[in-house]
J.: 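Sending over a structure as structure tokens; questions will come in a sec.
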Amino acid sequence: ADLLGYPIDLLLRKTFQDITHPDDLDADLTLVQKALAGEIQDYQLEKRYLHQRGNQVWAMLNVTLVKDEANKPLFFISQIQDISARKQTEALLERLNETSLWESEERYRVLFDASFDAVVLYVEGEIFEVNQSFLTLFGYERHDVIGKNATDMYVMPESMSEVNERLRSNSEEVYEAVLKRKDGSSFSAEIRAKTTPYQGRLVRTASEISQLLKRPKLETPTWQPSSRTFQMPLSRLTSSFGFAGGIKELNFFTVGKPKR
């Protein structure tokens, strides 16, 4: 009576269905029927009761069916233990865990998208996560790539065998491959990937995909045969080396292999 706030005389006029939370009633009735059918002798159930003020009260219910000598049901003996404090603690911990998980995922997302290199995660060749740099580099929206085959989506045919070999060997060495964008254009890239266990699966993470920029080819100067000569006005030569007048006869100079 104290648990649910009822006077004893009023509580005695109610059935257990009257004071049981509607969402927990079916489970309780099912166990009662099993006991009456002889399938079980007793049962235990966490359930919610309804306080006289209307609030819910969590309780641990232990029930035993008493039978007569002929094995016919006589009555139930029920023991009810208030577990409201424990349930409140569990609910608080669950909320804290959910908040912690959300914050952890949020931090991961911020760091993931902050990478300047394109990053793609895939399992057995199927993409399940990419960062913003990947989408920008390849010209896709996120919904375009999730669930798609990684190599089919962004690897050019001439680099397919190289990439597949790296996948099979779980290589972590940096290598180059020709990749393709959504618009069909291709570019050379430097890739580094790693295989990591995650939630019971092996996840392949291409964590460094960076485009290789075309560099101008620098020609190495070479000595030409000594028969070639270059004429240069005296004024330019003297000004280049800081001479100030006095030299009148020099009109050209020769560039050739140095004598050994």
J.: Suppose we screen for side chain to side chain donor-acceptor pair (under 3.5 Å). Which residues come up paired with E165, at least two apart in sequence or across chains?
T.: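 Only R168 meet the side chain to side chain donor-acceptor pair (under 3.5 Å) criterion with E165.
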J.: Hydrophobic cluster mates of L50, side-chain heavy atoms under 4.5 angstrom, ILVMFWY only, any path?
T.: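 Cluster partners of L50: none, it stands alone.
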J.: Show me the side-chain donor-acceptor pairs of residues 52-63 shorter than 3.5 Å, one per line, residues at least two apart or across chains.
T.:
unit_1: Q56; atom_1: NE2; unit_2: H21; atom_2: NE2; d: 3.4
unit_1: N62; atom_1: OD1; unit_2: Q44; atom_2: NE2; d: 2.7

J.: Which residues satisfy the side chain to side chain donor-acceptor pair (under 3.5 Å) test with K182, sequence neighbours excluded?
T.: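 K182 satisfies side chain to side chain donor-acceptor pair (under 3.5 Å) with D144 once adjacent residues are dropped.
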J.: How many angstroms lie between NZ in K180 and OG in S185, if you round to the nearest 0.5 Å?
T.: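 Those atoms lie 11.0 Å apart.
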J.: Enumerate the residue pairs fulfilling side-chain hydrogen bond (donor to acceptor under 3.5 Å, both in side chains) with a member in residues 145-160, sequence neighbours excluded, ordered by first and then second residue.
T.: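 Those involving residues 145-160 are N149-T151.
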J.: Salt bridge (Lys or Arg N to Asp or Glu O under 4.0 Å) with R48: which residues, sequence neighbours excluded?
T.: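 Expected list: D24.
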J.: Enter the distance from R192:CZ to S171:OG here, rounded to the nearest 0.5 Å.
T.: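 Output value for this atom pair is 9.0 Å.
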J.: With a 4.5 Å limit on heavy-atom distance, are the side chains of L179 and V155 in contact?
T.: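 Yes, side chains in contact.
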J.: If we only count heavy atoms from C-beta on, is the V119 to F134 side-chain gap below 4.5 Å?
T.: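 Side-chain contact under 4.5 Å: no.
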J.: Taking only residues two or more places apart in sequence or in another chain, which ones pass ring-ring contact (aromatic ring centres under 6.0 Å, His included) with Y49?
T.: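 If we apply the ring-ring contact (aromatic ring centres under 6.0 Å, His included) test to Y49, skipping adjacent residues, there are no hits.
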J.: Restricting to side chain to side chain donor-acceptor pair (under 3.5 Å), what partner residues turn up for T15, sequence neighbours left out?
T.: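 For T15 the side chain to side chain donor-acceptor pair (under 3.5 Å) partners, ignoring immediate neighbours, are Q17, D18.
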J.: Kindly indicate, with the supporting measurements, whether the criterion side-chain contact (heavy atoms from CB on, under 4.5 Å) is fulfilled by Y175 and I191.
T.: CA-CA 5 Å; Y175 66 99; I191 304 171; 3.8 Å; yes
J.: Linking I/L/V/M/F/W/Y whenever their side-chain heavy atoms sit closer than 4.5 Å, directly or via other members, would Y140 and V163 fall into one cluster?
T.: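 Y140 and V163: one cluster.
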J.: Are M153 and V178 connected into the same hydrophobic cluster when the rule is that any two of I, L, V, M, F, W, Y join if their side-chain heavy atoms are below 4.5 Å apart?
T.: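 Per the 4.5 Å side-chain linkage, V178 and M153 are not co-clustered.
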J.: Can you list everything that forms a side chain to side chain donor-acceptor pair (under 3.5 Å) with N164? Sequence neighbours excluded, please.
T.: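 Per chain and number, N164 pairs via side chain to side chain donor-acceptor pair (under 3.5 Å) with no residue.
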J.: Pairs under 3.5 angstrom only: tabulate donor-acceptor contacts from the side chains of residues 27-40 to other protein residues two or more places apart or in another chain.
T.:
unit_1: D28; atom_1: OD1; unit_2: Y43; atom_2: OH; d: 2.8
unit_1: D28; atom_1: OD2; unit_2: K47; atom_2: NZ; d: 2.6
unit_1: T30; atom_1: OG1; unit_2: D26; atom_2: O; d: 2.8

J.: Checking F187 now: which residues fulfil ring-ring contact (aromatic ring centres under 6.0 Å, His included) with it, not counting sequence neighbours?
T.: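 Result, ring-ring contact (aromatic ring centres under 6.0 Å, His included) vs F187: F138.
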J.: Step by step, work out the side-chain contact (heavy atoms from CB on, under 4.5 Å) result for K67 and L74.
T.: CA-CA 5 Å; K67 299 180 180 180; L74 292 176; 5.6 Å; no
J.: Quick one: do R142 and E129 make a salt bridge, cutoff under 4.0 Å?
T.: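 Here R142 pairs with E129 in a salt bridge, since their nearest N and O are under 4.0 Å apart.
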J.: Is it the case that one hydrophobic cluster holds both M156 and L137, taking links as side-chain heavy atoms less than 4.5 Å apart, direct or via other members?
T.: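 As far as the 4.5 Å side-chain criterion goes, L137 and M156 are not connected within one cluster.
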J.: Count the heavy atoms of every other residue, nucleotide or ligand shown that sit under 6.0 Å from CG of D68, and state whether that count exceeds 12.
T.: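 Yes, the 6.0 Å shell around CG holds more than 12 heavy atoms from other groups.
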J.: Are any of the side-chain heavy atoms of R86 and E46 separated by less than 4.5 Å?
T.: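 In contact.
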J.: Could you pull out every donor-acceptor pair under 3.5 Å between side chains of residues 3-13 and any protein atom, sequence neighbours left out?
T.:
unit_1: R13; atom_1: NH1; unit_2: D9; atom_2: O; d: 3.4

J.: Flag the pair E176 / E162 as yes when at least one side-chain heavy-atom distance between them is below 4.5 Å, and no otherwise.
T.: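 No. Closest side-chain heavy atoms not under 4.5 Å.
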J.: In terms of heavy-atom contacts, does CD of Q41 have more than 12 from other residues, nucleotides or ligands at under 6.0 Å?
T.: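 Buried by this count: over 12 neighbours within 6.0 Å.
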J.: With distance as the sole test, does T20 use its side chain to make a donor-acceptor pair with the main-chain N or O of F16 at under 3.5 Å?
T.: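 Yes; judged by distance alone, with no hydrogens or angles, the pair exists.
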